[in-house]
Novice: 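I have a structure here, written as structure tokens, and I will follow up with some questions on it.
Because the structure is a prediction, the values reported are computed rather than measured. Numbers restart at 1 for each chain; the letters A, B, ... are given by sequence-line order, proteins then strands.
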Amino acid sequence: MALKSSPVLFAWLSRLPRRNFSTSRALLATKPVTVRDALNQAMDEEMQRDEKVFIMGEEVAQYDGAYKVTRGLWKKYGDKRVIDTPITEMGFSGLAVGAAMAGLRPICEFMTFNFAMQAIDHVVNSAAKTFYMSAGQVSVPMVFRGPNGASAGVAAQHSQCFGAWYSHCPGLKVLMPYSSEDAKGLLKSAIRDPDPVVMLEDELLYGVAFPFSDEAQSADFLLPIGKAKIELEGRHITLVCAGRAVEHAMGAAKILAEKGVECEVINLRSIRPMDFETIARSIAKTHHLVTVEQGWPQSGIGAEICARVMESPSFFELDAPAWRLTGVDTPMPYARSLEALAVPRPNDVVAAVTAVLGNRISAVSSQ
Amino acid sequence: MSKIIPSVAKLLAGNTVTKVGAPVATTSNAKYSTKSEASFEIKPFKLHKLDKGPATSATLTSEDAIKMYHQLATIRRIETAAGNLYKEKIVRGFCHLYSGQEAVAVGMHAAMREVDSLITAYRCHGWTYLMGVSILGVLSELTGRRTGCSRGKGGSMHLYGRNFYGGNGIVGAQVPLGAGVALAHKYNGDGGVCFALYGDGAANQGQLFEAYNMAKLWDLPCVFVCENNGYGMGTSADRSSASTDYYSRGDYVPGIWVDGMDVMATREATKWAIDYCSSGKGPLVMEMETYRYSGHSMSDPGTSYRTREEIQEVRQTRDPITSFKEKLLSNELATPDQLKEIDVKVRQAVDEATKQAKSEPEVGIEELTGDIYCYCPEDHTQIRGLHPDAPLQHIYVAQRN
């Protein structure tokens, strides 16, 4: 169980394009906050607000969090509310679910979601289904959270996206934040939500600083679960993505903008429930669709979006087949050169957009 | 009718009376019994990492005796009805009967307080009844009808009640959940204890040992109760477990072995366990040695891995109800007529509930997509049906808090 050192801080800020939803006042007031600090703030505020909220997981207390997301919380709230667990995912996730059934509001941190596979029975069978099976008698108000998806240089067992896995299951709500505002607003909503919520974060985004509006600073800042955000408006093609894939889509949009191609970038924020309305509205405008994700292609998030397009009037809006840009259909390799090819980068998004807009669908794409 | 003995007779009664209770109880039951209480010897407990265990003699009042007998008889009768309903193909899927193991639940329940909670596996019909769900609530859940305690949506393995967290169909999963409920008791400081029950089959699941570890680390008020009925499905305990001393398998968690066929033993052990765990000493493992008469589930005749003679022998020599009945009669805590009267009442109640459980309708089809979420965001109340043109509506059925 190799724990990578904290990710390198990049100066992403300069690369960030204009965020269309902010008011100019808010833009002026923003100060950059990292995703890590935004998550930390969310938990801190919610613990302050509700005595029943507590955190449990590996290294969340004295170590300050394997990725420092829970930094300082143990000192502030003590042993009762910030609980270091042994390395027993199945056991502690079961304990967290049991505590939620009994009325507490646990935040169950997985050091990474790769390890949560040992606990997936409790996420799916114990947490997601109990409200339904009990005809509404037993609710499970809790959050499973931690880093998910591709990391850097950690090979196959520590680098994969579980978005499709959890979003498959009714009873769960599944979130994938991208920016610091996403992280804070979604986590706070997740903690207050009466259902089990899986929050899939990106390790490689933890250290990235994003603008943070005045509103987001507030202890009442909540983002609705099930609503996507139009990260960038555009007329020519719709890019649907979540989590770190938003970064790649935005990077591509910037390159394409220089060529006169306007991308509409939809940051899903919530994978389940999924805001298909926003996607459909965008397709009606752009008539072209590319989905971008880091997970594997088969039965993935992009597959779901494309299926919904196929099944709906959005199909008639398309001027070209929709494409999925996904991770390569292979376990993650270790070697740097291979790893770089395993998940889509901005240039891959550019290529896909160019292909779809040019309606150049080769025989290869039918696979 | 039963004879009515004046209360003074209690004073003259034999050596089984240890102390005299309040003169003439006013309940209708009490007037039948001849003595107000008696004391019993309990088969010695085996202890693991404990200097002292529960006392091996205990007093039983006639009032409690009658109540426990009523519960034992009701559970046995519910299971007989469940088995019949299954054979009639009215109960579907799985159906795990508790017959033979009643003394575990009834004795434990007699010791439990309002504040305590419990979670068990799929052999849960009897427990659900004890935890406050009506006979109809249990049986009509089995038949999948709207009067079922989970509105027919859970089925025989997914029954719930106040302080009762199921009913769980995943072997062993209920144990960490129970430790989590115990964590909530400790977190809330309410003094409650959670009982997490599992069988000798589940006793080998890895997550149990994870739960033992955390419960001990954090001194959670959790009693891990191993109902050792001898067989995990068709695999006998000694074919599945390198050590069949289940009470000692918590290693650093102290344990007690209890005769699970004796309600007095299970009650006394549970009282003691509650004292132990609620005083901050951390968890306990309690092995209840018992026996299941039926097969694992209804499709298992239960005879390929054990002999009919073995089952017969237990029925004749160790049956938890027969043996308790004999104790009550020989100690004059109840009269034969009185017990017969209970049997008749129980049979009537279960028969009536069975009839209703067959005749009630199932819930409306709109509940297929009811209560998937406690809160379903307004924009997402449309649930996908079989195809894109068959959307369903998420509805709220249960009362939201």
Novice: I'd like to verify something: which residue of B:Phe209, B:Tyr396, B:Tyr165 has the highest number of heavy-atom pairs under 4.5 Å with chain A?
Specialist: B:Tyr165

Novice: Using non-hydrogen atoms and a 4.5 Å limit, figure out which bit of A:Arg272 sits close to chain B: side chain, backbone, both or neither.
Specialist: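 Looking at A:Arg272, just its side chain touches chain B.
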
Novice: As an exercise: rank A:Met56, A:Gln118, A:Arg81 by heavy-atom pairs under 4.5 Å with chain B and give me the winner.
Specialist: A:Arg81

Novice: Side chain, backbone, both or neither: which part of A:Ile83 has a non-hydrogen atom closer than 4.5 Å to chain B?
Specialist: side chain

Novice: Taking CD in B:Glu366 as the centre, count heavy atoms belonging to other residues, nucleotides or ligands within less than 6.0 Å. Is the count above 12?
Specialist: yes

Novice: Got a second to check how far B:Ser117's OG is from A:Met101's CE, nearest 0.5 Å?
Specialist: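 Here the rounded value is 12.0 Å.
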
Novice: Can you say whether A:Thr85 sits under 4.5 Å from chain B via the side chain, the backbone, both, or neither, judging by heavy atoms?
Specialist: both

Novice: Does any backbone or side-chain atom of B:Asn188 lie under 4.5 Å from a heavy atom of chain A? Answer side chain, backbone, both or neither.
Specialist: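 Side chain only.
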
Novice: Identify which part of B:Arg384 has an atom lying under 4.5 Å from any heavy atom of chain A, answering side chain, backbone, both or neither.
Specialist: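 Contact with chain A: side chain only.
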
Novice: Could you state the interatomic distance from CG (B:Leu159) to CD (A:Gln137), rounded to the nearest 0.5 Å?
Specialist: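 So the CG of B:Leu159 and the CD of A:Gln137 are separated by 9.5 Å.
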
Novice: Heavy-atom pairs under 4.5 Å with chain B are the metric here; pick the option from A:Pro194, A:Pro106, A:Ser312 that has the most.
Specialist: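 Looking at each of A:Pro194, A:Pro106, A:Ser312 in turn, A:Pro194 comes out on top.
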
Novice: Enter the distance from B:Asp379:CG to A:Glu277:CD here, rounded to the nearest 0.5 Å.
Specialist: 7.0 Å

Novice: Could you pull out the closest heavy-atom pair between A:Leu95 and B:Trp218, with the gap in Å?
Specialist: CD2-CZ3, 3.6 Å

Novice: To the closest 0.5 Å, what do you measure between CE (B:Met214) and OG1 (A:Thr88)?
Specialist: 3.5 Å

Novice: If you define the side chain from C-beta out and look only at heavy atoms, does anything of A:Phe92 sit under 4.5 Å from B:Glu210?
Specialist: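 In short, these two side chains do not touch, never coming nearer than 4.5 Å.
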
Novice: Other residues, nucleotides and ligands only: do more than 12 of their heavy atoms fall within 6.0 Å of NZ on A:Lys76?
Specialist: yes

Novice: Whether the side chain of B:Tyr373 engages the backbone of A:Tyr132 through a donor-acceptor N/O pair (distance < 3.5 Å, no angle test) should be reported.
Specialist: no

Novice: Can you confirm whether B:Arg113 is buried at CZ, in the sense that more than 12 heavy atoms of other residues, nucleotides or ligands lie under 6.0 Å from that atom?
Specialist: yes

Novice: Can you tell me how far the OG atom of A:Ser189 sits from the OH atom of B:Tyr375, to the nearest 0.5 Å?
Specialist: 9.5 Å

Novice: Based on non-hydrogen pairs under 4.5 Å, which of A:Gly136, A:Ala102, A:Pro196 is most in contact with chain B?
Specialist: A:Ala102

Novice: Can any side-chain N or O of B:His158 pair as donor or acceptor with the backbone N or O of A:Ser134 at less than 3.5 Å?
Specialist: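 Such a contact is absent between B:His158 side chain and A:Ser134 backbone.
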
Novice: Counting only non-hydrogen atoms closer than 4.5 Å, does B:Ile383 touch chain A with its backbone (N, CA, C, O), its side chain (CB onward), both, or neither?
Specialist: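 Neither part.
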
Novice: Could you have a look at A:Met90, A:Met274, A:Lys52, A:Glu51 and say which one has the most heavy-atom pairs with chain B under 4.5 angstrom?
Specialist: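 Highest number of pairs under 4.5 Å: A:Met90.
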
Novice: Against chain A, label B:Ile170 side chain, backbone, both or neither, depending on which of its atoms sit under 4.5 Å from a heavy atom there.
Specialist: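 For B:Ile170, the side chain is the part near chain A, not the backbone.
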
Novice: Heavy-atom pairs under 4.5 Å with chain A - which of B:Gly152, B:Pro388, B:Gly167, B:Gly178 has more of them than the others?
Specialist: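 Between B:Gly152, B:Pro388, B:Gly167, B:Gly178, the count favours B:Pro388.
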
Novice: Relative to chain A, which of B:Asp389, B:Leu183, B:Leu217 shows the most heavy atom pairs under 4.5 Å?
Specialist: B:Leu183

Novice: Please report the closest heavy-atom contact between B:Leu177 and A:Gly94, naming both atoms and the distance.
Specialist: CD2-O, 3.3 Å

Novice: Are B:His387 and A:Glu311 close enough that a side-chain donor and a side-chain acceptor fall under 3.5 Å?
Specialist: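 B:His387 vs A:Glu311: no donor-acceptor pair found between side chains.
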
Novice: When you look at OH of B:Tyr252, are more than 12 heavy atoms from neighbouring residues, nucleotides or ligands closer to it than 6.0 Å?
Specialist: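 Yes, the 6.0 Å shell around OH holds more than 12 heavy atoms from other groups.
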
Novice: Can you tell which part of B:Leu220 gets under 4.5 Å to a heavy atom of chain A, answering side chain, backbone, both or neither?
Specialist: side chain

Novice: Which bit of B:Gln174 comes within less than 4.5 Å of chain A, counting heavy atoms only: side chain, backbone, both or neither?
Specialist: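 It is neither, since no heavy atom gets under 4.5 Å.
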
Novice: Quick check: closest heavy atoms across B:Asn213 and A:Pro86, and the distance to 0.1 Å?
Specialist: ND2-CG, 3.5 Å

Novice: Compare every heavy atom of B:Val181 with every heavy atom of A:Gly98, then report the nearest pair and how far apart it is.
Specialist: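 Looks like O-CG2, 3.5 Å.
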
Novice: Might you point out which heavy atoms bring A:Asp195 and B:Cys374 nearest each other, and give the distance in Å?
Specialist: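 In this case the closest contact between A:Asp195 and B:Cys374 is OD1-N, 2.7 Å.
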
Novice: Tell me, do B:Ile372 and A:Phe131 make a side-chain contact under 4.5 Å, heavy atoms counted?
Specialist: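 The answer is no, as the side chains (C-beta and beyond) never meet within the 4.5 Å cut-off.
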
Novice: Can you say whether A:Val97 sits under 4.5 Å from chain B via the side chain, the backbone, both, or neither, judging by heavy atoms?
Specialist: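 Contact with chain B involves both backbone and side-chain atoms of A:Val97.
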
Novice: Using a cut-off of under 4.5 Å for heavy-atom pairs, which of B:Gln399, B:Arg400, B:His185 has the most such pairs with chain A?
Specialist: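 Looking at each of B:Gln399, B:Arg400, B:His185 in turn, B:Arg400 comes out on top.
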
Novice: State, to 0.1 Å, how close B:His380 and A:Gly226 come at their nearest heavy-atom pair, and which atoms those are.
Specialist: NE2-O, 2.7 Å

Novice: Of the backbone (N, CA, C, O) and the side chain (C-beta and beyond), which part of B:Val397 lies under 4.5 Å from a heavy atom of chain A, both, or neither?
Specialist: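 Contact with chain A is absent: no heavy atom of B:Val397 under 4.5 Å.
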
